[in-house]
Amino acid sequence: MNESSLFETHFDMIPFGVYVVNVATYELIFVNQYFRDRFGNFSGEPCYKALQMLDQPCPHCKIRELVTREGFPNGRTYTYEHFNEVDDCWYQFHEKAMTWPSGCTAKYTIAVDISELKVMQNRLAEAHAQLALHNKELTRRNELLQENIKLREDVEHITRHDLKTPLGAMITLPHLLIEEEGVPASVVEGLKVIESSGLQMLTLINRSLDLYRLEAGTYRFKPSQMDMAVLLRRVATDLRPLLKGQQATFDITLDGEPLTEDARLPMEGEELLLYTMLANLMTNAVESSPLGGRISVDASSSAGVAVTIQNLGEVPESIRGRFFEKYVTAGKVGGTGLGAYSARLMVQLHHGSIELDASVPGMTSITVKLPRTIGNALAGVIR
Amino acid sequence: MKPLSMLLVDDSLLTIKKLRKMLESLGHQIAGTANTGEQAIQEYKRLHPDLVTMDITMPDMDGIEATRRIIEADPEAVIIMVTSHGQEQMVMDAIDAGAKGYVLKPIKQDKLSEYLDSVADKYVQPKP
């Protein structure tokens, strides 16, 4: 048996496809038994024609990488994966140059069929593509949603401004008419109701404008010295009509002691905003309590200023995680989903925090934490 | 399945031949074929097919760049990659470029048919 036959016998025993190519002519010198059984014997043909059905060397051909400039084996081995269009199979190729017994420089290729292995890999790649497409679609929808929200907010903003103009006349004219002589008392009374309703509406519009500015980051924050104890008493007094309707009571304490007339808890903040914030949260607590409920409001001076409002009644589990998000409301007649949301924006403007605790069954507790001092650095436009 | 007019882009004539056979047997019409990226762009502009199958490795310009340029010219173009390249980054690049699908070789007729159905339902606009 000559040297060439020894190689051929050896290659025939390998349980994968093996072929040998003359690197100078691309002629197939040898094809082993495994490939002969699969494709027939195509020795003598150019490798690119026999294996790839091409008219010129394959674009992925590695022959030039395996030989020296003079055309001798350089000792390198190349391993790569390739899909063969002819038999629709994936192969892992191991290629190296050698000196064939006839004296020519040849490249031998061991081709391992990895089609089954690639099935899973390809499914994974296709799944990546599906996921990327879904993500792209979600991003597009999200952008559209943001655009719609912005558009709605702009329309709301314009509407609020437009409402203020006719309201000016509703507030001013009654005042002028009352001052005229001979206006009957019953008419004066009616005019006063119109004036006061107009002022109330103006306050509501101004508050909603504040909310818009807070959201847009254009609110001009002007903190000053104020007193949380005084503010809590004022809110409680102003909410008396609501308490009466619900037959509810406030149980207000400062550091655990009942809040007295002369109790003080000084701090820096924007009083009107904090008034609105507390009024929103305390109104929510009253409205969410059963008839005759007691709402506990405890202010604490231990770390900054903390106010905890606690009431009977549970926040529905479905909205707990989104309680402070815009338009989130459940189970409340006439609820807009703006009270807790605007409270959060106002607290954040003060560099404070707000948390819902629904861990005790049947109870709702909201804690607002605010810094005692804000400092000059925060004055101005703050998002 | 609604018959679609298609442009097949691949530098392998064997792949084009196989795809043509499969797609025609599914009732689709092959409006044209292209073997290079540049040719694919020209043929798309000329033929305005419902759908393009795009290879990734081509001699002059890769299929991802060709996809990007076709989408620039027509954002509604529906292009699916039919390729042997399954690397995650390449998949992401193709989707970023605007491809609406990614099918890996070997191409099987039933899989291709199902895939084309779902892509056509989502993206192919009825012609006036």
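Note on naming: letters A, B, ... go to the chains in the order of the sequence lines (proteins, then strands), and numbering restarts at 1 for each one.
Counting non-hydrogen atoms of other residues, nucleotides and ligands closer than 6.0 Å to NZ of K49(A) gives a total of 12 or fewer. Within 6.0 Å of CZ in R76(A) there are 12 or fewer heavy atoms belonging to other residues, nucleotides or ligands. Around CD of E45(A), the count of heavy atoms belonging to other residues, nucleotides or ligands within 6.0 Å exceeds 12. Counting non-hydrogen atoms of other residues, nucleotides and ligands closer than 6.0 Å to CG of N148(A) gives a total above 12. Within 6.0 Å of the CD atom in E317(A), the count of heavy atoms belonging to other residues, nucleotides or ligands does not exceed 12. For F72(A), the CZ atom sits in a loose shell: 12 or fewer heavy atoms of surrounding residues, nucleotides or ligands are nearer than 6.0 Å.
A salt bridge links D88(A) to K18(B): at least one charged side-chain nitrogen sits closer than 4.0 Å to a carboxylate oxygen. A salt bridge links K111(B) to E126(A): at least one charged side-chain nitrogen sits closer than 4.0 Å to a carboxylate oxygen.
In this structure, chain B has no heavy atom under 4.5 Å from any part of E81(A). Within the 4.5 angstrom heavy-atom criterion, only side-chain atoms of S12(B), from C-beta onward, approach chain A. Only the backbone of A99(B) comes within less than 4.5 Å of a heavy atom in chain A; its side chain stays farther off. Neither the backbone nor the side chain of Q121(A) comes within contact range of chain B; no heavy atoms are under 4.5 Å apart. Looking at V119(A), there are no atoms closer than 4.5 Å to chain B (heavy atoms on both sides), in backbone or side chain.
Here the straight-line distance linking atom CG of L13(B) with atom CD of E85(A) works out to 10.5 Å at 0.5 Å rounding. Atoms NE2 and CD1, on H134(A) and I95(B) in that order, are 10.5 Å from each other to the nearest 0.5 Å. Put simply, NZ on K105(B) and CG on N84(A) are 10.5 Å apart, with the number rounded to the nearest 0.5 Å. Here the OG-NE2 distance, from S84(B) to H82(A), works out to 7.0 Å after rounding to the nearest 0.5 Å. Note: H60(A) NE2 to T57(B) OG1 = 11.0 Å, rounded to the nearest 0.5 Å.
Ranked by non-hydrogen atom pairs under 4.5 Å with chain B, the options R123(A), K136(A), M53(A), K118(A) are led by K136(A).
Each of Q89(B), Q87(B), M92(B) was scored for a side chain to side chain contact (heavy atoms under 4.5 Å, CB included) with H128(A), with one residue passing: M92(B).
In this structure, A125(A) and G86(B) approach most closely via the heavy-atom pair CB-O, 3.3 Å. The minimum heavy-atom distance linking N122(A) with L104(B) is given by the pair O-CD1, 3.5 Å.
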